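Report on the structure given below.
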Amino acid sequence: MNIVCAGINHRSAALDIREKFAVGAHELEETLTCVRQIDGLAGAVIVSTCNRVEYYTASICPLRVLEGLRGYLQKRTGGNESAFYTHESPASVRHLFRVASGLDSMVIGETEILGQLKQAYAAAMDYGATTRHLNKLFQHAFRVAKQVRTETQITRGSTSVGSVAVDLAGKIFGDLSKLTVMILGAGEISEKTARSLVSRGVRTVIVSNRTFERAAKLAGEIGGMAVHFDNWPNAFDSADILICSTSSPTPIVTRETIEPLLARRNGRPVFIIDLAVPRDADPSLNELENVYLYDIDSLEQIVSQSLEIRRADVERCEKMIDHHVTDFVAWSRNHTDFIK
Amino acid sequence: MDRILLTGATFCLLLSFGYTLFALGAGRFRPGVVNRFAILGGFVLLTLDLWNRGHSQGACPINSLFDVLVFTSWSILLIYLVIGPAYHLSLLGAFTSPLVFLILLAAQLGPKGSTWHAQRDPWVAFHAALSLIAYGAFALAAVAGLMYLVQNRQLKNRKAGTLLYNLPPITDLGTANARLLWLGFSLLTVGFIAGHISGMQVSTLKFAASILIWAGYGAILLLRRLHHLPPKRTAEASLWIFCVAMLLLPAIQYLSSPK
């Protein structure tokens with residue numbers, strides 16, 4: 001039994017082409033029914049995400065199935081099927097294992113794809129579109145992904161400034177739900193970082209900006225409160241995380257400003273995220289006890305480190321996957337099904 | 001049977017320690033089932049060993065330097081098993097196992113010292129056992145303090161190493177460090193009171209050293225309570241004072257015991 005994969009992803013086609021191929025949840029059953037009518041095809045699973053649309057099918061005559069799939073896609077998209085790549089066993093098996101492990105993703109090691117694969121497989125099962133080989137293949141893929149994630153560093157660290165900030169906040173404070181974030185300078189990047197923190201449980205946000213109206217607008221959007229810029233040192237008492245991104249040419253968060261405020265905090269730590277260029281916070285603040293200062297360079301450096309760690313482990317992941325591909329292909333050879 | 005249980009316990013701790021080193025090398029610095037079972041196994045074997053020796057001595061088995069080291073190891077594991085999960089500090093085990101392993105190794109390979117007469121006065125036995133359990137808590141406070149210092153260094157250096165992602169949040173480590181110090185201090189205080197009630201006689205040197213250590217821990221906690229000692233300094237102090245206690249008390253005990 002051969003596993004045939006036909007697909008399109010972020011590397012093979014731009015978004016405007018990918019969106020034409022997308023298979024929404026409302027049309028999945030109908031699409032699966034159409035695909036299963038292809039001559040020689042035993043079963044199918046359709047994976048449709050923002051970065052990829054892939055058809056995984058089981059067949060004993062792959063050429064006929066590939067031809068049938070091309071014909072179907074041509075009819076569906078009006079002749080754009082040339083952007084599609086196709087794989088047969090064992091390349092198709094390796095491809096699925098790589099996708100499940102996050103090795104084929106735009107950000108190496110991302111884990112969201114595994115959940116999407118599980119959903120796609122569950123949907124195909126619900127519609128009765130899977131076969132013994134496809135069941136075995138997908139269950140094997142989930143096992144491979146789990147092994148790769150636990151035994152390598154492919155998912156290690158964060159890959160965006162916002163998520164690094166959230167991770168670091170977690171490593172300083174633990175539970176984020178009782179924290180207060182203060183935004184100094186209502187810029188786009190500080191807003192994104194604050195939103196990342198809010199999405200991870202932070203409940204209280206204070207926004208301070210030279211233009212109070214802008215602070216009030218952002219506070220309204222995030223669900224926080226606005227403070228006049230002159231009053232930020234007073235509001236700092238209740239803040240645990242300070243995100244700065246003003247356009248001030250000189251540092252505004254200095255030792256002289258912060259040291260008297262720290263004395264009032266009874267040893268409560270503060271995490272300062274300085275996203276401004278030129279910097280808003282005096283770099284020497286990091287030497288103070290209970291102050292953890294990260295500027296844009298240090299955050300981006302952590303992002304690069306994480307990506308580097310992930311890339312360095314790709315080879316190890318590939319070796320693990322090769323081993324599993326061999327296992328699956330051997331099983332597949334010994335368990336030949338006939339087409340219904 | 002005499003040493004089988006103890007050797008088995010030492011082996012369990014070595015296994016946990018070895019697994020930690022292996023996991024660290026493989027970039028998987030997470031407490032696993034191996035750590036948990038090895039520590040639990042070590043604790044069970046040590047409990048059986050103490051039970052056997054207590055039974056044969058007809059008293060709490062803390063009648064020689066060897067006994068003290070084994071009982072301290074048991075206390076550390078006891079406090080870890082009770083406190084560790086409550087504070088979500090399962091990784092504490094990865095740091096605890098090498099410490100207990102070294103203490104057990106020292107007990108087995110170090111000088112045995114003479115055996116003191118068995119403590120049949122219940123107050124004296126209570127005083128000794130409680131004091132050793134207190135040192136178990138102080139040992140774990142030192143371990144939590146060490147973890148705090150490692151995490152603080154990682155955060156200050158802005159390096160996203162394996163340790164940063166696997167150590168608990170620094171605030172939790174600071175809290176655990178302080179609570180373990182309070183626990184140890186409370187137990188030691190009650191132990192001292194029990195010793196006073198028993199009217200036991202100890203050498204002036206031992207008494208002075210014990211009071212000094214007790215006062216040292218008391219001072220740390222008072223300063224921390226008054227917010228004059230930040231968590232980093234508390235962690236450093238708990239580490240130093242424990243090291244001093246571990247060197248000073250066995251040495252005094254060894255020197256002052258009848259030869």
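Source: prediction; values computed, not measured. Note on naming: letters A, B, ... go to the chains in the order of the sequence lines (proteins, then strands), and numbering restarts at 1 for each one.
- Counting only distance, with no hydrogens or angles, the side chain of B:His127 and the backbone of B:Gly191 share a donor-acceptor pair below 3.5 Å.
- Looking at A:Glu287, the atoms closer than 4.5 Å to chain B (heavy atoms on both sides) all sit in the backbone: N, CA, C or O.
- A cation-pi geometry, defined here as NZ or CZ lying under 6.0 Å from the six-membered ring centre and within 45° of its normal, holds between A:Arg265 and A:Phe236.
- For A:Asp167, the part lying near chain B is the side chain, with the backbone staying farther off; criterion is any non-hydrogen pair under 4.5 Å.
- A:Asp295 and A:Ser298 form a side-chain donor-acceptor contact under 3.5 Å, judged by distance and modelled atom types alone.
- Side chains of B:Thr189 and B:Ser186: no donor on one and acceptor on the other come within 3.5 Å.
- Within residues 210-223 of chain B, no residue approaches chain A closer than 4.5 Å by heavy atoms.
- Remark: B:Lys156 is positioned above the aromatic ring of A:Tyr292, its terminal NZ or CZ atom under 6.0 angstrom from the ring centre and at most 45 degrees off the axis.
- Aromatic pair B:Phe43/B:Tyr80: ring centres not closer than 6.0 Å.
- Between the A:Thr150 side chain and the A:Lys146 main chain, a donor and an acceptor come within less than 3.5 Å of each other.
- For A:Leu299, no part sits under 4.5 Å from any heavy atom of chain B, backbone or side chain.
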